[in-house]
Protein chains: 2
Amino acid sequence: MLNGRTPSVKDVAAAAGVSLGTVSNVMNRPEVVSARTRERVERAMSELGFVRNESARQLRAGTSRTLAYVMLDGTNPFFHDVAQGIELAAEDADLSLFICNSNSRLAREEVHLDRLLQQRVQGILITPVDPAAPHLDELIRRGVPMVIVDRIRNADSCCSVAVDDVLGGRIAVEHLAEQGHTRVAFIGGPESLGQVHERLVGAREIWESLGRDPDDLIYLPTETLSVAEGRSAGERLAGLPARRRPTAAFCANDLLALGLLQQIIGAGLRVPEDLAIVGFDDIEFAAAAAVPLTSVRQPRQELGRAAAQLVLDEATNPDHRHRQLQFTPELVARASTVKRARAL
Amino acid sequence: MLNGRTPSVKDVAAAAGVSLGTVSNVMNRPEVVSARTRERVERAMSELGFVRNESARQLRAGTSRTLAYVMLDGTNPFFHDVAQGIELAAEDADLSLFICNSNSRLAREEVHLDRLLQQRVQGILITPVDPAAPHLDELIRRGVPMVIVDRIRNADSCCSVAVDDVLGGRIAVEHLAEQGHTRVAFIGGPESLGQVHERLVGAREIWESLGRDPDDLIYLPTETLSVAEGRSAGERLAGLPARRRPTAAFCANDLLALGLLQQIIGAGLRVPEDLAIVGFDDIEFAAAAAVPLTSVRQPRQELGRAAAQLVLDEATNPDHRHRQLQFTPELVARASTVKRARAL
DNA sequence: TACCTGAACTGAAACATTTCAAACTTACCC
DNA sequence: GGGTAAGTTTGAAATGTTTCAGTTCAGGTA
């Protein structure tokens, strides 16, 4: 009677000689069914190899058991660490995590969001290409719990979790100034990315507050935040005549810094003697680089975990209030800026 | 009449003044509905903000629109590159990809698989903790399309995609022998991981076929394949008296090699003069390491893409035949083994 | 004995779709 | 003006769960 089909509750009920309501109870409210029947039903389940159909469950119960994270750039380990933090929180709440990757493309992000809406996920965590994109407002309008990760949203129309990027920019450049650098490059882009913009703002703020000439903080824009772009920025930099060339570079993330480092060393220059380099994020590979990389650390897992908790609160707590969590970044000094690296 | 609820086909049908079968047709067989009604329905949809409920669709249609990849180790960029390849293929087939991470724990893997079964995903790609684990047979028995990634399965009970790990081990050690090394360490573990085992087998094969003393190929086991374990292996190595110490190390993956490199340099030794290092996978960060890392390259994205194609074939092609695809690894020589690195 | 109680179980409705046979329209042909 | 074919549209069944108002029944109380 169950020819090939995967067995349903109905089959289990028949096999155990109970009604299908009872089978459902065994799964969802085991305490209301007597030990004897529960036992019987469970045996029937395992004999038939019953696996509950999540679509049907979700359709009827109206609630899904998954969270989703739309990450900005899958090639950047930073986001995977964030995802790992989310996953841990999801696991605690007995939820699955759907991971998508927009690859910094707005269109791709939109496709993913649309699909997630169709899946009726419980909540969406996202590091958006553009936090002002209308499709995010659309999510809010629909009442889908959402939290922005690694970006603060001006309006308090949703929760967000991030580090203070302006401060990050300040401490990076302050560190370089302390090391005696007087011409510094800021490498990063596109500037439309808030992360890039704010790190640059912080860099300029501290530079000027130290009484330096704004022209000595040189903005070297890049197309993306990738290792390859870092290398190409390195070419541009190495091409400059020595006296025009900055003596230090602050990169908007570690991938850029790693590419820059590679290129600079390949060109026969020394780090930090000819060029000091500071990255951002402090991904695991920063410490293992050609010259261990000084970087501005973000609490990556913590970011993810906090975000997940916020989205869960929004999903389950009726008097949820939107919050903007801000973490403090921290400078990790290594050999790429400090001559004669001591073990730290 | 639709107070707060998210609108359903029924609401759209009412708004457009057609039956709900027609609305469904607009979504699934637009060619059978006249341009005029189609237009009307589409307007109603966007006015109401209708979003199709994927659970209901899937329940009735019996088929899901997602693939899943259960990766072995989320901290290793190698697997994310594989995932990226899968994602590209999935995108072409208009499917979503569910990414899970077993973190090398069998129990976690089982939890994920169980959930995926409940979701009735179209197919499962997996880099298993243990390809012989019974829960994989269970999947096969159930008829869920599955392909093993980065591992070849002895039996042809399912498809698999991998590189020839034995060959990878051979070319790595052959390269070291060519560079004149006579004492070589193999670093990796646990040996229960097939990847580790076979790379070791290949290493031993070539070593002996070159007429070297088996005792001069030293196996230094590690607990996992992580940067931290690489560092600790480095400590053990650096602790050896210079004349007992191997002059080269072949690491079972790049994370290990990166950690080893870091530790060796930190201990004041030189690479490759005091210790030459070969990694495996050729992840993007290998080239950017302290000393650019020689590594055995796997075609990572290609692996993922091929695996996805196999699983789709199994899912859709009635006379699918299981296949074991094997790619050929390739040595990428860099400064960690070649003194006076030339630009390659 | 009649009545009540609570625990255990049942059965049908509901969820939002897809599918498909049947019904309805047109338009065209003889 | 009847017949037919092709093109549209309809309505109801079916998918596998959960939920909840009822039913049953054993045991206790008056």
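Just so it is clear: chains get the letters A, B, ... in the order the sequence lines come, proteins before strands, and each one is counted from 1. Hydrogens, waters and symmetry mates play no part in the numbers below; they use all other heavy atoms, side chains included.
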Calculate the interatomic distance between [X] atom [atom1] and [N] atom [atom2]; express it in whole Å.
X       : N      : atom1 : atom2 : value
A:Leu59 : D:dA14 : CG    : P     : 17 Å
B:Leu20 : C:dA16 : CG    : P     : 11 Å
B:Glu54 : C:dC15 : CD    : C1'   : 15 Å
B:Gln58 : C:dT17 : CD    : P     : 13 Å
A:Arg29 : D:dT18 : CZ    : P     : 9 Å
B:Arg36 : D:dT9  : CZ    : P     : 9 Å
B:Asn25 : C:dT18 : CG    : C1'   : 9 Å
B:Arg38 : D:dT9  : CZ    : C1'   : 14 Å

Using only side-chain N and O atoms of [X], determine if any of them is under 4.0 Å from OP1 or OP2 of [N].
X       : N      : answer
B:Ser19 : D:dG11 : no
A:Thr22 : C:dC9  : no
B:Ser24 : C:dT18 : yes
B:Thr37 : D:dT9  : yes
A:Ser34 : C:dC9  : yes
A:Asn28 : D:dT18 : yes

Counting only side-chain heavy atoms from C-beta out, which of [options] sits nearest to [X]?
X       : options                : value
A:Ala56 : C:dT17, C:dT10, D:dG16 : D:dG16
B:Val18 : D:dT10, C:dA16, D:dT9  : D:dT10
A:Arg52 : D:dT18, C:dA16, C:dT19 : D:dT18

Going by distance alone, is a donor N or O of one side chain under 3.5 Å from an acceptor N or O of the other, for B:Glu87 and A:Asn101?
no
If we ignore angles and hydrogens, is there a donor and acceptor under 3.5 Å between the side chains of A:Ser64 and A:Gln119?
no
Looking at every strand, decide which applies to A:Val23 at a 4.0 Å heavy-atom threshold: base, sugar-phosphate, or nothing.
nothing
Before accepting this row, confirm whether a basic side-chain N of the pair B:Arg305/B:Asp92 lies closer than 4.0 Å to the acidic partner's carboxylate O.
yes
Inspect the contact between B:Asp73 and B:Arg105 and indicate whether a charged nitrogen and a carboxylate oxygen are less than 4.0 angstrom apart.
no
What's the spacing between A:Ile99 CD1 and A:Leu125 CG if we round to 0.5 Å?
10.5 Å
Would you say the side chain of A:Arg60 and the base of D:dT18 hold a donor-acceptor pair, judged only by whether the two atoms sit under 3.5 Å apart?
yes
